[in-house]
Amino acid sequence: MPSGIDNISMEMLKKALDASSARNRVISHNIANINTKGYKAFRVVFEDKLKQAVSGESLPLKTTNSKHLNDGTSLENLNYEIKKDNTTSMRTDGNNVDIDNEMTNLAANAILYNSLVSQANSRFAMRRYVISEGRR
């Protein structure tokens, strides 16, 4: 259970990395099914849930015991969601996968994933520096 600002931010980084990894799998699955009749694309929803959890619209309650009251919006309960997009159709066979959109989303997700990994690495490097070089 996270405590302290640094642990909370590491927990958010972990959740964001999980969502980005899932988004990569979903996009790859969508691309693989571009010629499947009637296939509907899937999307990963995470950023809106994260905004809602950290915006303060609903104050998350810190719990130290599973029997404590919880409004369900704390970071421990924050997870990505995979939704099927039934709203559009790109072709007459019912498939709604747009390869240009999928490739754009794949590139944007790769940039996001790399920036999240960079942030996590810099936090670990800072901890390593404090532990090993702090006495100098």
Side-chain angles (χ1 to χ4, degrees):
M1 179 170 292
S3 63
I5 292 174
D6 196 44
N7 288 338
I8 291 172
S9 63
M10 286 301 290
E11 183 70 19
M12 286 177 38
L13 276 173
K14 179 186 173 295
K15 298 278 184 176
L17 282 167
D18 289 344
S20 182
S21 178
R23 184 171 289 128
N24 196 49
R25 287 191 306 272
V26 165
I27 292 171
S28 298
H29 188 72
N30 289 341
I31 292 171
N33 286 293
I34 194 164
N35 291 325
T36 304
K37 292 181 181 179
Y39 179 81
K40 299 295 184 188
F42 289 90
R43 303 281 175 240
V44 172
V45 178
F46 176 72
E47 285 78 9
D48 292 338
K49 289 182 161 191
L50 181 62
K51 281 181 189 174
Q52 188 178 14
V54 297
S55 69
E57 293 174 3
S58 59
L59 183 63
L61 300 175
K62 181 177 180 176
T63 59
T64 56
N65 188 318
S66 62
K67 295 180 181 177
H68 290 170
L69 292 175
N70 189 341
D71 63 352
T73 59
S74 64
L75 289 178
E76 291 86 19
N77 297 329
L78 179 66
N79 289 315
Y80 62 85
E81 185 177 349
I82 298 175
K83 289 188 173 181
K84 193 176 201 178
D85 183 10
N86 290 319
T87 58
T88 60
S89 181
M90 290 295 294
R91 300 187 313 229
T92 57
D93 64 358
N95 189 312
N96 68 350
V97 177
D98 180 4
I99 190 67
D100 293 332
N101 190 27
E102 298 297 331
M103 295 307 287
T104 302
N105 290 340
L106 190 63
N109 190 51
I111 292 169
L112 175 66
Y113 187 85
N114 288 335
S115 67
L116 291 170
V117 168
S118 177
Q119 286 182 9
N121 284 337
S122 68
R123 290 185 184 272
F124 287 127
M126 188 180 309
R127 286 182 182 181
R128 189 177 323 113
Y129 175 76
V130 169
I131 291 170
S132 64
E133 304 290 330
R135 291 186 178 180
R136 293 183 184 186

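Keep in mind that this is a model prediction, so the values were computed, not measured.
Taken from CG in D100 to CG in N105, the straight-line distance is 11.0 Å, to the nearest 0.5 Å. With values rounded to the nearest 0.5 angstrom, D98 atom CG is found 7.5 Å from I34 atom CD1. The distance from the OG atom of S122 to the CZ atom of R127 is 11.0 Å, given to the nearest 0.5 Å.
Every pair passing salt bridge (charged side-chain N to carboxylate O under 4.0 Å, His left out) that includes a residue from residues 78-88 is listed here, sequence neighbours excluded: K49-E81. Within the structure, the ring-ring contact (aromatic ring centres under 6.0 Å, His included) test picks out the following pairs touching residues 21-44 (sequence neighbours left out): H29-Y39. Each salt bridge (charged side-chain N to carboxylate O under 4.0 Å, His left out) pair with one or both residues in residues 111-121, not counting sequence neighbours, would appear here, but there are none.
A19 and Y80 get closest at one heavy-atom pair: CA-CD2, 3.7 Å. The shortest heavy-atom contact between N95 and N35 is ND2-N, 4.2 Å.
Not counting sequence neighbours, the partners of A41 by the side chain to side chain contact (heavy atoms under 4.5 Å, CB included) test are N30, R43, N96, V97, E102. Shown here are the side chain to side chain contact (heavy atoms under 4.5 Å, CB included) partners of N114, two or more places apart in sequence or in another chain: there are none. With sequence neighbours left out, D18 forms a salt bridge (charged side-chain N to carboxylate O under 4.0 Å, His left out) with K14. The side-chain hydrogen bond (donor to acceptor under 3.5 Å, both in side chains) test applied to T36 returns N33, not counting sequence neighbours. When the side-chain hydrogen bond (donor to acceptor under 3.5 Å, both in side chains) test is applied to S21, the partners found at least two apart in sequence or on another chain are R25. Residues passing the salt bridge (charged side-chain N to carboxylate O under 4.0 Å, His left out) test with K40: none are found, sequence neighbours excluded. Listed by chain and number, the residues in a side-chain hydrogen bond (donor to acceptor under 3.5 Å, both in side chains) with N109 are S20 (sequence neighbours excluded). Residues satisfying the side chain to side chain contact (heavy atoms under 4.5 Å, CB included) criterion with L17, sequence neighbours excluded, are Y113, L116, V117. In this structure Q119 satisfies the side-chain hydrogen bond (donor to acceptor under 3.5 Å, both in side chains) test with no other residue, sequence neighbours excluded.
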**Item:** Evaluation steps, side chain to side chain contact (heavy atoms under 4.5 Å, CB included), between L13 and M10
**Value:** CA-CA 5 Å; L13 276 173; M10 286 301 290; 4.0 Å; yes

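Between the side chain of N24 and the backbone N or O of A110 there is no donor-acceptor pair closer than 3.5 Å.
Using a 4.5 Å cut-off on side-chain heavy atoms (C-beta onward), K15 and F46 make contact.
By the rule that hydrophobic residues join a cluster once side-chain heavy atoms approach within less than 4.5 Å of another member, V45 and I27 end up as members of separate clusters.
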